[in-house]
Amino acid sequence: MSDVHEPTRACRVSQERERPLTVHDLNELLLVCSLVLLVAVAAVRISSRSGLPGLLVYLGIGVLMGQDGIGDIHFNDAELTQVIGYAALVVILAEGGLGTKWKEVKPALPAASMLALVGVAVSVGITATAAHHLIGLEWRQALIIGAVVSSTDAAAVFSVLRRIPLPARVTGTLEAESGFNDAPVVILVLAFSTAGPIEHWYVLVGEILLELAIGAAIGLAVGWLGSWGLRHVALPASGLYPIAVMAIAVTAYAAGAMVHGSGFLGVYLASMVMGNAKLPHWPATRGFADGLGWIAQIGMFVLLGLLVTPHELGDDIVPALVIGLVLTMVARPLSVVLCLVPFRVPWTEQALMSWAGLRGAVPIILATIPMVEGVEASRRIFNIVFVLVVVYTLIQGPTLPWLARKLQLGEETEASDLGIESAPLERLRGHLLSLSIPEGSKMHGVEINELRLPAGAAVTLVVRDGKSFVPLPTTVLRRGDELLVVATDPVRDAAERRLRAVGHGGKLAGWLGTNGDNNHR
């Protein structure tokens, strides 16, 4: 089977006609894209009820639109797919970083770093050996497959884990690992896919560590500078804050990549810094980033589904199942055990993290790299990876909640966070904090004077059942109330910490040791 080296076109139809794109063509394209998005949005509801991972639904949409489906679109541009996939991955990592809680990730950083570096190396070695000896692939091809499938997928991990009440250490470790391990895996796949042998393994290790260090430094710097700027500059419209946040995150990726650092690590760290920096209009920013993340996932998976040719997959199903079995039952568990033994992680948590090594779009995107580089049998590598991801995602994703219950690792749902939104009042040297009291919040039943806000902060308005009123010190707050709190610049952070603390610990939060910082977002 020959590799893909055809002209860069979106589909066969565009190759057959050379006339310029017209308004009618644009209208047709917009209609198709809007219908695909609507079907994908409806599919989210179906997948959430059935337990079927959403990525499989999106891949299925792409396959149905492809040359073996009802759409009969002949798309075979691996290079375009890789570029769009990288762009989508940047958005997904940014959204994941913005939603990552520092209080959960901080204790898990050493273990997550070990999994992202040592764990990846162990997984690559075991999987590549199996691909070489059991499937008969050449060492170069085996190493590429080993590297491609050794990265856990950020989109899959973020979407699945945030629906399961797991211990903070497990969630933090898995989320941080999925954000960190894309970078070394991309470097390995590029190194294995380029022409010429790798003479010294320690040179490759040194390059990986250097790129990670550069990417981390740039990501932390860009995230801190961006957070500082957004907190001290009042933009004329609240809708500009989400755009600025995403632009800063993309800047971290681009800056890191341009200086030969890890742009993926840079965008994740920059987003995580901003996500824990109490930015103005935070709920709007999270909603905007979440929407962009969904669009990126849908577009990426549909495009990958278009790229695959289903009738060519038959000969690669058995090799994919064999490699996936070794990866899931041997490589991943062994890498988890070796990396987490020094941290004395209980075996139940190790078992769950071994099974939670979810794969998704990232391995399929990385499988386009050898296609672009012209590696021999690159189309077979892509097909094997595609089948592996589909089959084992179908097995692992729906069974993860069941395994968590069997291992007794589920936790009771904590009191809902307040979701405080802050709007800077630059000329008045203050901030307007708005918040809603959700179900389960311990602020229910607390009087205004029992909030004990710092001097310089006050509750100025309460909205209850659609009616607003100025509260008295003895007004009792109820779930569903919306509050407006005005705070001067010096006490803004202290006021927000106190509100969060009361939301989680009630009016005795200070006496019981509940701290607003420990419950931030």
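Note that the numbering runs from 1 along the sequence shown for the chain.
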Practice item. Evaluate side-chain contact (heavy atoms from CB on, under 4.5 Å) for L93 paired with S271, printing each intermediate quantity in order. Key: CA-CA 8 Å; L93 285 172; S271 302; over 6 Å; no

If you look only at distance, which donor and acceptor atoms sit under 3.5 Å apart when one is on a side chain in residues 207-224 and the other is two or more places apart or in another chain?
none

Flag, side chain of [X] to backbone of [Y], donor-acceptor distance under 3.5 Å:
X	Y	answer
S378	G374	no
Q396	W355	yes
T127	V124	no
Q350	V345	yes
R169	P107	no
T393	R359	yes

In the structure I gave you, are the side-chain heavy atoms of [X] and [Y] within less than 4.5 Å of one another anywhere?
X	Y	answer
I364	F301	no
E349	L407	no
R380	I135	yes
L400	L352	yes
L109	W102	yes
Y58	V36	no
I145	L388	no
W347	L340	no

Mind listing the closest non-hydrogen atom pair of [X] and [Y] along with its distance?
X	Y	value
V185	S150	CG2-C, 4.4 Å
N383	E312	ND2-O, 3.9 Å
A356	L174	CB-CD1, 3.7 Å
M300	I92	CE-CD1, 3.3 Å
D315	P319	O-CD, 3.6 Å
A142	L137	N-CB, 4.3 Å

Review point. According to the interplanar angle, ranging from 0 to 90°, do the rings of H132 and W139 count as parallel (below 30°), tilted (30 to 60°) or perpendicular (above 60°)?
Key: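 Plane angle under 30°, so parallel.
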
With rounding to the nearest 0.5 angstrom, report the [atom1] to [atom2] distance, [X] to [Y].
X	Y	atom1	atom2	value
L304	F386	CG	CZ	8.0 Å
S193	I381	OG	CD1	7.0 Å
L64	L59	CG	CG	11.0 Å
L230	L279	CG	CG	5.5 Å
Q82	L303	CD	CG	12.0 Å
T81	F382	OG1	CZ	7.5 Å

Point to revise | T152 and N181: CA distance, side-chain angles, deciding distance, side-chain contact (heavy atoms from CB on, under 4.5 Å) verdict | key: CA-CA 7 Å; T152 56; N181 64 12; 2.8 Å; yes

Check your understanding: Run the side-chain contact (heavy atoms from CB on, under 4.5 Å) check on L89 and Y86 step by step: do they pass?
Key -> CA-CA 5 Å; L89 184 56; Y86 272 32; 5.6 Å; no

Exercise for review: Could you tell me whether E177 and R332 make a salt bridge, using a distance below 4.0 angstrom between a side-chain N and a carboxylate O?
Suggested key: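 Result for this pair is yes, salt bridge flagged.
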
Check your understanding: Are L327 and S123 close enough, and set up right, to give a side-chain contact (heavy atoms from CB on, under 4.5 Å), and what steps lead you there?
Key -> CA-CA 7 Å; L327 173 68; S123 182; 3.4 Å; yes

Exercise for review: Give a yes-or-no answer on whether the side chains of Q408 and T348 include a donor-acceptor pair shorter than 3.5 Å.
Suggested key: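 Side chains of Q408 and T348: no pair found under 3.5 Å.
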
